[in-house]
Structure formats: C-alpha cells, structure tokens
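What follows is a single structure, written as structure tokens, with notes after it.
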Amino acid sequence: IHPSVQEALVEGRPVVALESTIITHGMAYPLNLSMAREVEEIVRTNGAVPATVGILRGQIHVGLTDEELEFLASSKNAVKVSRRDFPFVLSQGLSGGTTVSGTMIAAHKAGIPVFVTGGIGGVHRDGENTLDVSADLTELGRTPVAVISAGAKSILDIGRTLEYLETQGVCVAAFGESREFPAFFSRQSGFQAPYQVRDEEEAAKLIDSALGLGLSSGVLIAVPCPQERAAEGQAIEEAIQQALSQTRSKGITGKEVTPFLLQKLTQLTDGKSLDSNLALIQNNARVGSCIAVALSKLQKARRKGNLPRRGENMTPPQPVVIGGINVDFIAKAQNPDILGGGQTNAGRVRRTFGGVGRNLADCLSRLGQAPLLLSAVGKDEHLESVLHYCHHMDMRGVLQLEGKSTASYCAVITSAGELSVGLGDMDIHHQITEQYVSQFKENLCQAPLICIDGNVPLSTIQYVCQLAREHQLAVCYEPTDENKASKPFLSDSWKALTYISPNLQELRAINQTLGNPLPAGIECSE
C-alpha cells in the first residue's frame, strides 16, 4: 500500500480506488498515461486520495507512483488480472492491470470502500448460449465495495446483466435525476435501475447502510455520461453491431473481446466513442470522489456519537490489541547435551510467527472477535511472510517502516524442551509510540477490550491507561517477561488495568516494584 494511501486510511480520510486495465488494455500509450494522471488529479481536487491498483512484478500495489503508472501504461506484456488470474500472475512475478473484479478484491483487502471505474463488465450478447458472463458481476455479489461506474458497457446485454446482478444480490442505483440505467457511452439503455440516488449524500447513505448490514455484497452506483459529451446512442449502437460481427468472424472470445470491441468502436465512430469514454471516466472520478468524501464525513460523524446507524448492533466495535509482532526461530537440539566451543549441534530449526500482541490478536481473530492490531514491522525480507501468515487478521494498524528490521527472536532449546539461550532483536517495538497509538483514539474509546503487552514503550502504556480511566475501558495487560512486567506499576497507571496475566516470575517482579513483601515460601516455588 502506497504511504499516502496508508496514511489516509489510518487517519480516516476518503480514499478512492481506481482500476488499471483501462491503462493497460483500454487505451493506447501515451493517451492512457495522461488519462490516468488526470483521473488521479480529479480525485485529489475533489478532496479524496487516489489509489490506483495494479500488479507490478508479482506484487499487488494499492496506490502507484508516477513511475509505476508509466511502467504499466507503456508495458507491452501486461496481463489483464481478474479474480481467477491472481494466483498465476503473482506466482510468476508478472505485471498487469486489474479489472473491476481484481480491483474490488484489492480495495476490500486494503479497507477502501469506494472504487471508481469506467463501466463494469456484464453478460455478453448471446451470453445465454456462450455463458460468457464477466467476473465483475459475481465479484459484486461477494465483495463489499461500492463501484461507481457509467453502468455496464454498451457492447453487453444490459437487460441480462441487470437480471444477473439481481440474482447476485447486488444493490443497483442510478445516480442523478433519472432511474434510467446508463450504457457506458450512452445515457440511455432502455432499462431502469431498481433504485435511484439523487446526489452524493444519498449515495453515501446507501453505501453506509450496505456496509453496516455486513451483507458481504457490493453496491453499484450507475452514473450517466455528461449530457454535453454523450455520443449519440443510435450511432454507437450501429457501430457496436458492426464490431460484434467482426469479433464473431475473427473468432475472438473471452477476455480479448472487450479491448477489441472498444478499439473497433473508436475507429468506426471516428473517435467519438473515445471522447465519450474519457468524458465519462473523468465524470465518474468526480462523482465517486464526492461520494467518498460524503461517506467519510458520515462515518466520522457516527464515530463521534452524533449519528446512529441502522443495524449498528450487527457491527459491534472492535477489540484493540497493542503489542509486538515477532519472527521466531526455534532451534531444538537433537542430543541431550549441547556442545559448546563453536561446534555444530544436530537439531531441527523452524521459523514461526509470534510476538505477544500478535498472538493475542490471532487468538481473538480465531474466536470471531476481529480485533484491530496496532504494531510495527520493518519493510524487510520478513514483511510479506508476516502479512501472509496474518492474512485472517485486521492488520490496518500495523506500521510498515523503511530501514527498520521486523522484530525477531531466536531460541535454542534442549532436547528435553528447556530453553538454553534466547536472543532477541526487538528495537522496532519502540516505534509503537504514544503519538502513533493516539491516532486510533476513536477505536480505543469504543473498544470493548484493549489488550496491551509489555513490549510497547512505557509512555504508550501510560497513555492507554489514562484513556481507560477517562472512558471506563477494560484493559488486559500481558507482562511479557519479568524485566518488562512492572511498566504499569512504576506509577498509578496499573489502577486502570482490568486484567493481568503474569507468570510467577513476573508476579514476583511486580510485587517487588510495588514494595510489597513476598509471601512466605514463595521464593522457592516453581
């Protein structure tokens, strides 16, 4: 995730996802590059942060630099990437443009609820015989992202596309003064959308309602091409029929159909369809950005307690876990005696992923509580493995820091399972600062439970305890080890703790910090 996008998401500012097949397959270079730059600038001008999604050398990028945009725009071998294509493209280290389906997946995983595109795919003409149905439609049925588009491409069977969206449970609404479902280049398709939203505020309320219900399906907002730039529908319809005839005669099928048809339409309409294409993409970017801004305002107002949402009890606040993420290397000796003097001991070495905070968040996630984890990792060789291992967890609050090393721990264990020696590189935990954690104050104040481990800095623990006192929050403290156990007990912070889970050594250290005598006989207890 690009730093500007990550920062906006953390701060709760509006972000708009943008697709990249329009760059790699929709227009020729350099027009595609200038279009991509212009669309991003429209998003910024209207108060949101653009996040163009693309695949570069086998890695999903959410938010692209200008150099990365140019790389995709000028690439001759870019792949068109939908849901089915991700495993192959990533495993082969290829580059490509994401379709509506592919972009929705990436946007949802990044936590971006609004996505702007030109037009969605749909049921192809003669689809009742060929079964050629775009993966965009099934994605809308199973991924909770709002797609802002100029309806479905006019080269498709609009009626069957709307029927298929209904079957998939997708809420479809026309934007503006008419319920007419637009057909990409044309404002008229001859079909009505099920619903209508008149402006960005109504659209934002609709999206917020859908997200709040937790239906796991998307929303389609269909925005007509601007009246003054819309190509005359009948002329384009005639050109479509001619282009379709050529696809059949040339035997063009599958995902090659749309790029071929769009290219042919540009030729057959003397560029009018391309002009309309550019106009509607720019218009969608403006409308989508305004919707994202309105949605962000709506969500912020509710977080401040000013506005309830219907079905709020269905989406309870998240627990928050603050603590370390470690990469653990466990070396277990094969023989009873570990030989010194630089000799190699036979044994087994394995890598696991731990960290007290990560472990707590993992357990809560597997119990269905979906906690927000606040932590820090380095942008190093461990990063991708950590994120992959923790894919089932909410990692939006995990800092990814350039020039820093992910915390790592190496334990040498005897054949009997006793720890012989442990080495740790934990410096990155100092980056889980009070300043960073305070950015999540709203999450903390609404959390049914806050878990914090002893790895984080003392000032961060004191900040959380102060917040807990002020807002009557439940805080669980995991002491981590006897050298860190006493952090909350160096002041009155500990009085804000609800739960604590020390072992005997940690409890002994806490007791000593508080100046209490050890109970008789505990010194020799194991």
Going from CG on Leu69 to CG on Leu64, what distance comes out if it is rounded to the nearest 0.5 angstrom?
-> 5.0 Å

Quick one: do Glu201 and Lys205 make a salt bridge, cutoff under 4.0 Å?
-> no

Mind running side-chain contact (heavy atoms from CB on, under 4.5 Å) on Val437 and Leu444 for me, showing each step along the way?
-> CA-CA 9 Å; Val437 170; Leu444 291 165; 3.8 Å; yes

Could you go step by step and tell me if Ile112 and Val5 meet the side-chain contact (heavy atoms from CB on, under 4.5 Å) rule?
-> CA-CA 9 Å; Ile112 302 170; Val5 176; 4.2 Å; yes

Can you name the closest pair of heavy atoms from Leu401 and Ala376 and give their distance?
-> CD1-CB, 4.4 Å

Tell me, please, whether Phe71 has Arg57 positioned over its six-membered ring: NZ or CZ under 6.0 Å from the ring centre and within 45 degrees of its axis?
-> yes

Begin with the C-alpha distance, continue with both residues' side-chain angles, and end with the deciding distance and a verdict on side-chain contact (heavy atoms from CB on, under 4.5 Å) for Leu449 and Tyr499.
-> CA-CA 10 Å; Leu449 176 67; Tyr499 313 103; 4.1 Å; yes

Residues forming a ring-ring contact (aromatic ring centres under 6.0 Å, His included) with Phe86, sequence neighbours excluded = none

Single hit among Leu360, Val475, Val320, Ile322 for side chain to side chain contact (heavy atoms under 4.5 Å, CB included) with Cys451 | Leu360

What is the minimum heavy-atom distance between Pro319 and Ala370, and which atoms define it?
-> CD-O, 4.4 Å

Given Val386 and Phe353, is the side-chain contact (heavy atoms from CB on, under 4.5 Å) satisfied, shown in steps?
-> CA-CA 7 Å; Val386 169; Phe353 298 93; 3.8 Å; yes

Heavy-atom side-chain contact between Val398 and Leu373 under 4.5 Å | yes

Residue pairs meeting side-chain hydrogen bond (donor to acceptor under 3.5 Å, both in side chains), one or both in residues 400-418, sequence neighbours left out, come to Asp380-Thr406

May I have all residue pairs that pass ring-ring contact (aromatic ring centres under 6.0 Å, His included) and include part of residues 448-495, sequence neighbours excluded?
-> Phe489-Trp494

